[in-house]
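A short worksheet on the structure shown next.
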Amino acid sequence: MHAIAPALEAVRARIAAACAASGRAPGAVRLLAVSKRQPPAALAAAVAAGQRAFGESQVQEALPKIAALGRQAPDGGPLEWHFIGPVQRNKTRAIAAQFDWLHSLERADIAARLGAQRPAGLPPLQVCVQVNISGEASKHGVAPAQAAALCQAVAALPGLRLRGLMGIPAPDPDSARRRESFRVLSALLAALNASGLALDTLSMGMSDDLEAAIAEGSTLVRVGSAIFGERM
Ligand SMILES: *Cc1c(COP(=O)(O)O)cnc(C)c1O
């Protein structure tokens with residue numbers, strides 16, 4: 001069986017080294033463990049090894065895992081559930097009720113539904129707008145030129161708290177080109193903040209490219225296979 005605790009430790013070491021290499025504080029980058037297509041036992045092993053934030057990309061698959069793992073670690077600290085997949089219209093109610101974060105918002109009408117459906121007893125849903133940083137190569141995310149309008153709309157909605165931007169570079173053997181995509185997203189965040197938004201989250205970097213993402217200012221890396229091994 002794939003050993004999750006040492007793999008998690010190795011990912012933490014990669015993040016720390018990447019922070020050091022770019023002169024950033026060791027705690028500047030959060031680790032989201034992407035647990036999609038992993039069994040509940042794998043998540044439990046990660047919790048036991050100190051991991052607290054988990055990313056899922058399908059509502060149907062995530063709900064039983066949230067029910068199994070709950071919202072608290074054995075030490076009493078909170079577990080955080082992040083939705084990172086495409087949001088279907090008929091799934092907004094479940095996402096609004098069950099998740100703490102959404103990284104993959106691409107439409108204003110979906111944002112309005114999520115805000116309206118967020119239960120009153122919960123803190124606002126923490127939201128990142130997904131930006132298409134790879135042009136034709138990706139069908140997900142808003143075009144960079146459309147990001148400001150969607151961010152303004154989200155920032156005005158009750159029930160949601162706009163935190164930042166998320167991006168996934170197209171698979172590209174050329175690591176310099178992937179890094180260029182991260183730079184584009186980082187510059188966009190800076191421009192939005194200069195225009196009056198207060199965004200503190202840059203969700204970028206995965207198992208294969210977290211170093212490049214951190215060098216370009218990522219504040220949260222979404223890492224699956226490097227922690228959990230192959231997906232089911
Ligand atoms: C699956 C997934 C990841 C994790 O990918 P790995 O290469 O396994 O680290 C990160 N972000 C999103 C949006 C994903 O769907």
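In each ligand, atom 1 is the first atom listed, and ligand 1 is the first ligand listed.
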Heteroatom distance test (I84, ligand 1): nitrogen or oxygen, under 3.5 angstrom:
no

For G224, the ligand 1 atoms with a heavy-atom partner under 4.0 Å come out as 4 (C), 6 (P), 8 (O), 9 (O)

Can you tell me which portion of S225 lies within the under-4.0 Å heavy-atom range of ligand 1? Options are side chain, backbone, both, or neither.
both

Between the side chains of E180 and R177, is the shortest nitrogen-to-carboxylate-oxygen separation below 4.0 Å, so that they form an ion pair?
no

Within reach of ligand 1, part of H103 (heavy-atom separation under 4.0 Å)
neither

Pair R14 + E211, salt bridge at N-O below 4.0 Å:
yes

Which residue from R222, K36, M206 reaches closest to atom 2 (C) of ligand 1 through any of its heavy atoms?
K36

Identity and separation of the nearest protein heavy atom to atom 6 (P) of ligand 1:
S207 OG, 3.5 Å

If the threshold is 4.0 Å, N to carboxylate O, is there a salt bridge linking E216 and R179?
yes

Please determine which of S218, P169, S181 meets the side chain to side chain contact (heavy atoms under 4.5 Å, CB included) test together with D209.
P169

Backbone, side chain, both or neither: what part of I168 comes under 4.0 angstrom of ligand 1, heavy atoms only?
side chain

Say whether S57, considering both its backbone and side-chain N or O atoms, lies within less than 3.5 Å of an N or O atom on ligand 1.
no

On the 0 to 90° scale, with breaks at 30° and 60°, tag the F54-F228 ring pair as parallel, tilted or perpendicular.
tilted

If you count the non-hydrogen atoms of other residues, nucleotides and ligands that lie under 6.0 Å from CG in D208, is the total more than 12?
no

Answer yes or no: does atom CZ of R93 have more than 12 heavy-atom neighbours from other residues, nucleotides or ligands under 6.0 Å?
no

Per-atom filter on ligand 1: closer than 4.0 angstrom to a heavy atom of V223 are 9 (O)

